[in-house]
Visitor: 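Following this message is one structure expressed as structure tokens.
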Amino acid sequence: MSNSFKALVVNKTEEDFSLNVESLTHDDLPEGDVTIRVHYSSVNYKDGLASIPKGNIVKSYPFVPGIDLAGVVTSSEDSRYQEGDEVVVTSYELGVSHYGGYSEYARVPAEWVIPLPEGLTMKEAMTFGTAGFTAALSIHQLEKNGLSPDNGPVLVTGATGGVGSMAVSMLAKRNYDVIASTGKESEHDYLRDLGAKEIVSRDDVNPEKIRPIGKQRWAGAIDPVGGKTLAAVLSNTQYGGSVAVSGLTGGGDVPTTVFPFILRGVNLLGIDSVYCPKDLRVKLWERMATDLKPDGLQDIQHEVSFDDLPEALSGILAGKARGRTVVKVSE
């Protein structure tokens, strides 16, 4: 095992901020039970924030971003993992306060490690990544609260993004009638290919004036947007329906009322993929390899090289990303 390897390193001082591919050694890695040769990672909005000086994600510098990784164990102090095991790591403090997946090697606590499920390649696992896991967790919680294809259509907001694209394709695999909401008219064919039965504009879902309680349009919703959009979605959810919220690209303030909750029994479900318990995390990864694995999973992703990472990170912050961007870190 070569002691020197490449990693994308961000550094910030009082005078300067840098984002460069640098050479690290194993001595530079943080403490952990399992060392992994990283083969693939992915690009998430949080990674984009970690790549800019005022992203408010990174806790200390210098730092290696990347909240997702898939690779092969090279050494382990935990008997559950052996050299040669293919594994996945997402969430927890990875890429936030613990060196992440934009590195040819990573060292992490054993509790963060998930065995790669049979039926998934490492690249497919990173096509899912945190975004796919968040979509899977959203579907799990909606179905736990009674959602089924017989209840009616399911809305997905921000449908061309990572969570949105994965949610549309997963729901379609589960035989739901999916309503996909997007502000990008050029992406309608993409969403239909993912399985959307109906496509609506962002303005249709989120009008200028939101009624406290509106028409009953969908049985459930997956919303990675938040803000005013979430208020509008709640207003138009059917009686007894549920909305799973996992993001705040539309803002953290939700200008809603109690009416959807007390007049229609609507449920608002908070989705936290970061500290999801490990037993549920393993169960959901198994589902992502089986009943939640879209038939066209490869169509949701495009691959970039390690050297293309800075451009990919700036692209996701600019809203130019579609679906999932997989990063090939090493052979």
Side-chain angles (χ1 to χ4, degrees), residues 3-32 35-36 38-71 89-109 112 126 129-131 134 158 161-163 224-227 246-252 273-275 302-330:
N3 193 46
S4 179
F5 55 88
K6 67 180 181 181
L8 186 74
V9 179
V10 294
N11 201 4
K12 182 180 180 181
T13 65
E14 291 184 3
E15 298 82 22
D16 193 27
F17 181 86
S18 63
L19 175 71
N20 297 306
V21 176
E22 299 182 11
S23 180
L24 300 184
T25 70
H26 289 269
D27 292 336
D28 295 316
L29 294 176
E31 293 184 359
T35 302
I36 300 164
V38 180
H39 287 247
Y40 291 95
S41 185
S42 72
V43 176
N44 302 275
Y45 192 78
K46 190 180 286 188
D47 300 319
L49 292 175
S51 72
I52 59 176
K54 295 183 179 180
N56 297 320
I57 290 294
V58 177
K59 309 297 184 184
S60 62
Y61 296 91
F63 191 71
V64 176
I67 64 171
D68 295 338
L69 69 85
V89 185
T90 66
S91 307
Y92 301 101
E93 297 301 317
L94 189 74
V96 176
S97 62
H98 189 100
Y99 278 19
Y102 297 163
S103 172
E104 290 184 307
Y105 284 91
R107 185 181 296 133
V108 300
W112 296 3
M126 288 298 93
T130 292
T134 301
V163 175
V225 177
S246 61
L248 45 64
T249 56
S273 62
V274 178
Y275 296 111
H302 71 280
E303 182 181 311
V304 299
S305 71
F306 200 87
D307 294 332
D308 294 330
L309 252 177
E311 182 179 356
L313 291 166
S314 63
I316 198 167
L317 290 177
K320 297 178 180 178
R322 182 180 82 172
R324 296 283 292 148
T325 300
V326 175
V327 184
K328 188 169 187 178
V329 178
S330 65

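None of these values were measured; they are calculated from a predicted model.
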Visitor: Would you check if P224 and T134 make a side-chain contact, meaning some heavy-atom pair closer than 4.5 Å?
Guide: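 Heavy-atom side-chain distance check fails, nothing below 4.5 Å.
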
Visitor: Could you check whether any side-chain heavy atom of S103 comes within less than 4.5 Å of a side-chain heavy atom of V38, counting everything from C-beta outward?
Guide: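 Result no, sub-4.5 Å side-chain heavy-atom pair not found.
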
Visitor: Could you report the tightest heavy-atom contact between R324 and M126, atom names first, then the distance?
Guide: NH2-O, 3.2 Å

Visitor: What pair of heavy atoms forms the shortest contact from K6 to V21, and how long is it?
Guide: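 In this case the closest contact between K6 and V21 is CB-CG1, 4.0 Å.
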
Visitor: Say you draw a straight line from NE2 of H98 to CG of L29; how long is it, rounded to the nearest 0.5 Å?
Guide: 8.0 Å

Visitor: If you take all heavy atoms of V225 and G158, which pair is closest and at what distance?
Guide: CG2-N, 3.9 Å

Visitor: Measure the spacing between CG of N11 and CG of D16 and express it to the nearest 0.5 Å.
Guide: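 Answer for the CG-CG pair, N11 versus D16, is 8.5 Å.
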
Visitor: Nearest heavy-atom pair of G101 and S41: which atoms, and what distance?
Guide: O-CB, 3.7 Å

Visitor: Counting C-beta onward and ignoring hydrogens, is there a side-chain heavy-atom pair between L94 and V108 closer than 4.5 Å?
Guide: yes

Visitor: Just how far is it from atom OH of Y105 to atom CG of L24, taken to the nearest 0.5 Å?
Guide: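 If we round to the nearest 0.5 Å, Y105:OH and L24:CG are 12.5 Å apart.
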
Visitor: So Y102 and V43, do their side chains get closer than 4.5 Å, heavy atoms only?
Guide: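 They are in side-chain contact.
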
Visitor: Quick one: does Y40's side chain get under 4.5 Å of K328's, heavy atoms only?
Guide: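 Side chain of Y40 against side chain of K328, heavy atoms only: contact under 4.5 Å found.
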
Visitor: Tell me yes or no: between the side chains of S42 and N44, is some donor less than 3.5 Å from an acceptor?
Guide: yes

Visitor: In the structure I gave you, are the side-chain heavy atoms of V274 and V96 within less than 4.5 Å of one another anywhere?
Guide: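 Not in contact.
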
Visitor: Taking the side chain as everything from C-beta on, heavy atoms only, tell me whether H302 gets closer than 4.5 Å to V326.
Guide: no

Visitor: Donor-acceptor pairs under 3.5 angstrom involving side-chain atoms of residues 50-67: please list them, not counting sequence neighbours.
Guide:
residue	atom	partner	partner atom	Å
S51	OG	G48	O	2.6

Visitor: With a 3.5 Å distance limit and no angle check, can you tell me whether S91 reaches the backbone of S273 through a side-chain donor-acceptor pair?
Guide: yes

Visitor: Could you pull out the closest heavy-atom pair between I316 and Y45, with the gap in Å?
Guide: CD1-N, 3.4 Å

Visitor: Is there a side-chain contact between E93 and W112 (heavy atoms, below 4.5 Å)?
Guide: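 Side chain of E93 against side chain of W112, heavy atoms only: contact under 4.5 Å found.
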
Visitor: Is a side-chain N or O of D68 found less than 3.5 angstrom from the main chain of T130, in a donor-acceptor match?
Guide: yes

Visitor: Is a side-chain donor or acceptor of D308 paired with a backbone partner of S305 at a separation under 3.5 angstrom?
Guide: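 Side chain of D308 to backbone of S305: a pair is present.
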
Visitor: E22: what forms a side chain to side chain contact (heavy atoms under 4.5 Å, CB included) with it, not counting sequence neighbours?
Guide: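 Listed in chain order: V9, N20.
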
Visitor: What heavy-atom pair brings F5 and H26 nearest, and what distance separates the two atoms?
Guide: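 In terms of heavy atoms, the two residues are closest at CE2-N, 3.6 Å.
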
Visitor: To the nearest 0.5 Å, how far apart are CZ in F306 and OG in S330?
Guide: 9.0 Å

